[in-house]
Amino acid sequence: MKLTHIALITIASFSLNAQADLLDDIQEKGVLTVGTTGDYKPFTYFDGSNYSGYDVDVAKHVAEQLGVEVRFVNTTWKRLVSDLKDGKYDIAMGGITRRMSRQLAAEQSQGYMTFGKVFLVANGKEAQYDTLQEVNVPSVKVGVNIGGTNEKFAEQFLTKATIVKYENNLDVPKAVSAGTVDVMVTETPEALYYQTIDKTLQAVREENPFTKSQFGYLMPTGEQRLLNTVNFIMDEMKLKGVDETLMKKNSLM
């Protein structure tokens with residue numbers, strides 16, 4: 001009886017030790033796969049051929065530090081976590097808001113930028129749409145991307161407004177510019193970016209956002225070594241000024 005018990009413990013211990021470690025797998029394959037939506041400038045953008053943006057540059061830096069190549073995998077905001085769980089990529093990156101629901105479904109890295117929810121409107125209409133009360137009426141059309149925190153914000157705070165949902169986040173600022181929708185729910189960096197590159201658009205409440213959050217990266221549940229390593233690389237980026245260099249490159253500073 002004792003021997004059987006000891007044997008079972010030994011087998012269990014061996015099984016735990018033999019479990020695959022994602023960081024080891026990445027180094028063995030020589031490739032870091034990164035899931036990203038490619039529709040959230042200036043963090044991730046896919047032009048049909050290449051990916052660019054701040055988090056794309058960070059992904060390349062992380063891969064370089066690990067001594068591997070990087071391969072980008074297209075996903076959507078709606079499938080972001082489910083694709084990660086299904087093993088379609090090792091890490092999700094690209095302007096991803098840290099939030100409790102994601103923490104319960106995956107591992108989240110430390111935050112790397114503080115921001116808040118704001119509005120993007122047609123230039124000259126800032127005063128018309130600078131409060132939740134002014135936007136939260138049926139006559140106001142609010143554009144959001146499906147599956148992200150912008151949709152969650154609209155569903156919580158803009159229940160009376162007419163919500164127009166887009167599969168591709170890049171289509172929402174275009175809709176504001178064209179007058180198809182009145183307001184886009186977005187975050188401070190994205191709103192300021194579009195205000196800079198498109199003079200028909202204007203950020204609202206960029207200095208006093210409705211919420212405060214941070215961006216982070218997602219990794220599969222239980223992959224503590226990969227999480228620790230990514231956090232270490234992020235600390236080193238801050239220490240050596242790599243993050244600032246990449247932010248300046250992508251018009252975030």
Side-chain angles (χ1 to χ4, degrees), residues 20 22-23 25-26 29 31-60 62-63 68-113 115 117 120 142-156 158 163-175 181 184-187 189-190 193 211 213-224 226-227 230:
L22 186 53
L23 182 58
D25 291 345
I26 291 165
K29 289 184 300 183
V31 178
L32 173 71
T33 53
V34 178
T36 192
T37 62
D39 67 349
Y40 187 39
K41 295 180 179 180
F43 296 95
T44 174
Y45 174 60
F46 183 61
D47 64 5
S49 300
N50 299 297
Y51 285 93
S52 61
Y54 175 77
D55 283 326
V56 170
D57 288 336
V58 172
K60 293 175 180 177
V62 170
V68 300
E69 296 179 1
V70 64
R71 180 168 65 84
F72 294 100
V73 179
N74 187 258
T75 187
T76 66
W77 293 103
K78 191 175 181 179
R79 299 198 319 263
L80 192 70
V81 174
S82 60
D83 281 354
L84 180 70
K85 286 182 173 181
D86 289 342
K88 292 184 179 179
Y89 38 79
D90 305 314
I91 181 171
M93 304 176 73
I96 301 169
T97 303
R98 282 163 46 93
R99 67 186 199 211
M100 182 54 69
S101 61
R102 285 172 176 158
Q103 178 63 36
L104 295 174
E107 304 291 353
Q108 289 186 124
S109 74
Q110 62 183 259
Y112 62 88
M113 185 183 295
F115 66 94
K117 290 294 179 190
L120 185 70
V142 177
V144 298
N145 59 298
I146 296 173
T149 56
N150 296 335
E151 182 182 29
K152 297 285 186 185
F153 180 89
E155 288 174 347
Q156 183 176 354
L158 303 172
I163 307 298
V164 182
K165 299 185 179 184
Y166 293 83
E167 192 71 42
N168 192 320
N169 188 61
L170 293 171
D171 293 332
V172 192
K174 292 176 185 176
V181 298
M184 175 185 182
V185 177
T186 181
E187 284 94 22
E190 185 180 36
Y193 173 79
T211 63
S213 302
Q214 286 186 314
F215 292 124
Y217 306 127
L218 300 180
M219 285 147 278
T221 301
E223 295 296 344
Q224 192 64 45
L226 179 60
L227 175 65
V230 170

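Note that the structure is a prediction, hence the values are computed from the model and not measured. Numbering starts at 1 and runs along the sequence shown. What's counted below: heavy atoms across the whole structure, side chains too, no hydrogens, waters or symmetry copies.
With no hydrogens or angles considered, a side-chain donor-acceptor pair links Arg99 and Ser101 at under 3.5 Å. A donor-acceptor contact under 3.5 angstrom links the side chains of Asp55 and Tyr112, judged on distance only.
Distance check: Gln224 CD to Met219 CE gives 9.5 Å after rounding to the nearest 0.5 Å. Taking CZ of Phe43 as the reference point, atom OG1 of Thr36 lies at 11.0 Å (rounded to 0.5 Å). Here CD of Gln214 is found 9.5 Å from OG of Ser109. Values are rounded to the nearest 0.5 Å. Separating the NZ atom in Lys88 from the CG atom in Asp83 is a distance of 4.0 Å, to the nearest 0.5 Å. Remark: Phe46 CZ to Asp39 CG distance equals 12.0 Å, nearest 0.5 Å. Within the model, atoms CG of Asn74 and OG1 of Thr44 stand 8.5 Å from one another, a figure rounded to the nearest 0.5 Å.
Each of Thr211, Thr149, Leu120 was scored for a side-chain contact (heavy atoms from CB on, under 4.5 Å) with Glu187, with one residue passing: Thr149.
Closest approach of Thr97 and Ser213 over heavy atoms only: CG2-CB, 3.8 Å. Nearest heavy atom pair, residue Pro189 against residue Phe115, reads CD-CB, 3.7 Å. Scanning both residues, Tyr51 and Val73, for their nearest heavy atoms gives OH-C, 4.2 Å. Summarising the geometry of Val70 relative to Val34, their closest heavy-atom pair is CG2-CG2, 3.7 Å, with the distance given to 0.1 Å. Closest heavy-atom contact between Leu80 and Ala92: CD1-CB, 4.1 Å. Summarising the geometry of Leu226 relative to Asp90, their closest heavy-atom pair is CD2-O, 3.9 Å, with the distance given to 0.1 Å.
No side-chain heavy atom of Val144 sits under 4.5 Å from any side-chain heavy atom of Met184. Contact annotation: the side chain of Phe215 never approaches that of Met93 to less than 4.5 Å [non-hydrogen atoms, C-beta and beyond]. Between Thr37 and Asn169 there is no side-chain heavy-atom pair separated by less than 4.5 Å. Using a 4.5 Å heavy-atom cutoff, the side chains of Glu223 and Leu23 are not in contact. For the pair Asp86/Arg79, no side-chain contact is recorded, criterion being any heavy-atom separation below 4.5 Å from C-beta on. The closest side-chain heavy-atom distance from Pro42 to Tyr54 is not below 4.5 Å.
Using cut-offs of 30° and 60° on the angle between ring planes, the pair Trp77 and Tyr40 is perpendicular.
At least one donor-acceptor pair under 3.5 Å links the side chain of Thr221 to the backbone N or O of Ala105. A donor-acceptor pair under 3.5 Å is formed between the side chain of Glu151 and the backbone N or O of Gly147. Panel note: side chain Glu107, backbone Gly222; a donor-acceptor pair is recorded below 3.5 Å.
Atom NZ of Lys85 sits in a sparse spot, with 12 or fewer heavy atoms from other residues, nucleotides or ligands closer than 6.0 Å. At most 12 non-hydrogen atoms from other residues, nucleotides or ligands lie less than 6.0 angstrom from CD of Glu69.
Contact check on Lys165 versus Glu155 returns a salt bridge, with a Lys/Arg side-chain nitrogen under 4.0 Å from an Asp/Glu carboxylate oxygen.
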Kindly determine whether Tyr217 and Val58 satisfy side chain to side chain contact (heavy atoms under 4.5 Å, CB included), including the steps that lead there. CA-CA 11 Å; Tyr217 306 127; Val58 172; 3.5 Å; yes
